[in-house]
Amino acid sequence: MKQLPFKIEIKANAKTVWFALWDDDNYKKWTIAFCEGSYAVSNWNKGSKIHFLDPNGNGMYSIIDEKIEDQEMSFKHLGELKNYQEQPLDKNTELWSGCIEKYTLQEKNGITTLYVFIDTIDEFTSFFEKTIPQALVNIKQLSENMKITVSISTFVNIENVWNLFTGAEHIMHWNNASEDWHTPKVMNNLEVKGTFRYRMEAKDGSFGFDFEGIYTEVKKHQTIAYTMPDKRNVIIHFSVKENTTWVTEIFDPETTNSLELQKNGWQSILNNFKKYVESYKF
């Protein structure tokens, strides 16, 4: 067993790099360097099991050996997965079982240096020397051009989904992240250079704000894009795959709230839209 070290400097703070590494959507994007369609299944807590998988259900099962938020994540790899099932150790897996894969973040003056240390055996050295540098480039690109993605799917047809998503009389019913908020007023001029304004308020009247922007692209049943007053951009894709309608929102994050909090908030609103669509009486 030997340890391979890698590092890269990223023009982003450690919180952003951490989100680029371990957010489920981002993880799939940078691990394409190892295998297209790679993903992980875990609750991402220290001491928990994690499955690293390819699209066919093959890969490794491991333990999260260490987790210090925005600073360090390390995995102890235990054995192989085949068809989603953990395999008993054999002579080959015993050679590397127990090896450590560690990611360490060090931030200084807004620049984060990401260090990666991987224990390996000779058989896999050339693979890691080829793929890890590309994975680091992927992480750097994600971090320095951070976008957040949320999505939902439904069996409701795309025409109805589009109408419920864009109609002002419908937006008022689904545009809230929790039951204690609502959207009492909606103005929506759905055309390029048109504007929208949703008045979002706590039901007890304690707080409220206008969510607004200018449309930069509108393609019916395909795409909606807009720019908010602070110059952040949002693009929404509508698509159909195997009789399922997908709505995917990709947006520039703001700097006040954590990336995870922003993603959860936008996802909650989109989940509420899905609930509204699937309960609507057409």
Side-chain angles (χ1 to χ4, degrees), residues 1-10 12 14-107 112-143 149 259-260:
M1 192 85 71
K2 60 182 177 181
Q3 186 181 77
L4 301 178
F6 304 89
K7 75 172 183 177
I8 193 169
E9 288 190 351
I10 301 173
K15 288 183 178 295
T16 299
V17 178
W18 183 268
F19 187 78
L21 280 164
W22 311 124
D23 169 71
D24 284 338
D25 290 314
N26 288 325
Y27 179 85
K28 295 172 186 176
K29 293 174 183 176
W30 68 263
T31 56
I32 197 172
F34 307 120
C35 173
E36 186 168 358
S38 294
Y39 66 103
V41 178
S42 178
N43 62 16
W44 297 101
N45 292 326
K46 181 178 178 179
S48 296
K49 186 74 68 69
I50 182 166
H51 284 185
F52 297 100
L53 293 158
D54 68 14
N56 299 313
N58 302 319
M60 289 189 302
Y61 63 95
S62 311
I63 291 289
I64 298 178
D65 194 53
E66 182 61 88
K67 179 185 179 181
I68 305 173
E69 196 84 16
D70 304 328
Q71 296 181 46
E72 181 181 329
M73 181 82 83
S74 64
F75 310 104
K76 180 183 289 186
H77 299 308
L78 303 178
E80 283 189 321
L81 291 164
K82 291 184 179 179
N83 195 28
Y84 304 100
Q85 300 298 313
E86 296 180 5
Q87 303 298 303
L89 297 184
D90 57 26
K91 290 183 178 180
N92 291 325
T93 52
E94 284 177 350
L95 294 174
W96 54 262
S97 182
C99 71
I100 299 293
E101 178 179 348
K102 181 167 71 172
Y103 297 76
T104 301
L105 288 67
Q106 294 183 5
E107 180 186 345
T112 300
T113 303
L114 172 61
Y115 298 89
V116 179
F117 303 94
I118 294 186
D119 294 339
T120 188
I121 57 177
D122 289 340
E123 179 182 351
F124 303 126
T125 297
S126 61
F127 172 78
F128 288 127
E129 289 178 338
K130 177 181 178 181
T131 57
I132 292 294
Q134 182 57 57
L136 293 181
V137 169
N138 294 348
I139 295 164
K140 177 181 174 71
Q141 291 175 343
L142 286 169
S143 301
T149 301
L259 297 170
E260 185 176 8

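Residue numbers count from 1 along this sequence. The figures here come from the full heavy-atom set of this structure, side chains too, leaving out hydrogens, waters and symmetry mates.
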Original post:
Given the rule in the side-chain contact (heavy atoms from CB on, under 4.5 Å) test, do I118 and Q3 qualify, once you have shown the distances and angles that lead to the verdict?
Top reply: CA-CA 5 Å; I118 294 186; Q3 186 181 77; over 6 Å; no
**OP:** Please step through side-chain contact (heavy atoms from CB on, under 4.5 Å) for the pair T120 and C99, ending with a clear verdict.
**Re:** CA-CA 7 Å; T120 188; C99 71; over 6 Å; no
Original post:
Can L21 and I139 be said to form a side-chain contact (heavy atoms from CB on, under 4.5 Å), step by step?
Top reply: CA-CA 7 Å; L21 280 164; I139 295 164; 3.4 Å; yes
Original post:
Does the pair F75 and I50 meet the rule for a side-chain contact (heavy atoms from CB on, under 4.5 Å), with working shown?
Top reply: CA-CA 9 Å; F75 310 104; I50 182 166; 4.0 Å; yes
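Separation of the F117 and Y103 ring centroids does not fall under the 6.0 Å cut-off. Separation of the F52 and H77 ring centroids falls under the 6.0 Å cut-off. For F19 and W22, the gap between ring centers reaches or exceeds 6.0 Å.
Listed for the W18 side chain is no donor-acceptor partner under 3.5 Å among the backbone atoms of Q71. A distance-only check finds a donor-acceptor pair linking the side chain of T31 to the backbone of Y27 [under 3.5 Å]. Between the side chain of E107 and the main chain of L105, no donor-acceptor pair closer than 3.5 Å is present. A donor-acceptor pair under 3.5 Å links the side-chain atoms of D119 to the main chain of I100, judged by distance alone. At distances below 3.5 Å, at least one donor-acceptor pair connects side-chain atoms of T131 with backbone N or O atoms of F127.
Rounding to the nearest 0.5 angstrom, the gap separating the CG atom in D23 from the OG1 atom in T149 is 8.0 Å. In this structure, the separation between NZ on K140 and CG on L136 is 10.5 Å, given to the nearest 0.5 Å. In this structure, CD in Q106 is found 6.5 Å from OG1 in T113, a value given to the nearest 0.5 Å. Going from atom CE of M60 over to atom CD of E86 covers 12.5 Å, rounded to the nearest 0.5 Å. In this structure, the separation between CD1 on I32 and CZ on F34 is 11.5 Å, given to the nearest 0.5 Å. In this structure, OG on S74 lies 4.5 Å from CG on D65, to the nearest 0.5 angstrom.
Nearest heavy-atom pair, D54 versus C35, reported as atom, atom and distance to 0.1 Å: CB-SG, 3.8 Å. I64 approaches S42 most closely through the heavy-atom pair CD1-OG, 3.6 Å. Considering all non-hydrogen atoms of both residues, W30 and A135 come closest at CE3-CB, 3.8 Å. Considering all non-hydrogen atoms of both residues, P133 and F6 come closest at CD-CE2, 4.1 Å.
Annotation: E36, atom CD; neighbour count of heavy atoms from other residues, nucleotides and ligands within 6.0 Å does not exceed 12. Other residues, nucleotides and ligands place no more than 12 heavy atoms under 6.0 Å from the NZ atom of K76. With a 6.0 Å radius and a threshold of 12 heavy atoms from other residues, nucleotides or ligands, K15 has its NZ atom at or below the threshold. Residue-environment remark: CD (E129) exceeds the threshold of 12 foreign heavy atoms within 6.0 Å.
Considering only heavy atoms from C-beta on, I121 comes within 4.5 Å of M1 through its side chain. Taking 4.5 Å as the limit, every side-chain heavy atom of L81 sits out of range of all side-chain heavy atoms of N58. You'll find the side chain of V41 reaches within 4.5 Å of the side chain of L53, heavy atoms only. At least one side-chain heavy atom of N138 sits under 4.5 Å from a side-chain heavy atom of Q134. Taking the side chain as every heavy atom from C-beta outward, K29 and L142 approach each other to under 4.5 Å. With contacts defined as side-chain heavy-atom distances shorter than 4.5 Å, the pair L95/T93 does not qualify. Two residues are said to be in side-chain contact when any heavy atoms from C-beta on lie closer than 4.5 Å; S38 and P55 fail this criterion. Considering only heavy atoms from C-beta on, S143 stays 4.5 Å or farther from T112 through its side chain.
Ring planes of F124 and F128: perpendicular class, angle over 60° (limits at 30 and 60°).
Side-chain contact annotation: N45 with S48, donor-acceptor N/O pair under 3.5 Å absent.
With salt bridges taken as basic N to acidic carboxylate O contacts below 4.0 Å, one links D122 and K2. Checked for salt-bridge contact, E66 and K102 miss the test: no charged N lies under 4.0 Å from a carboxylate O.
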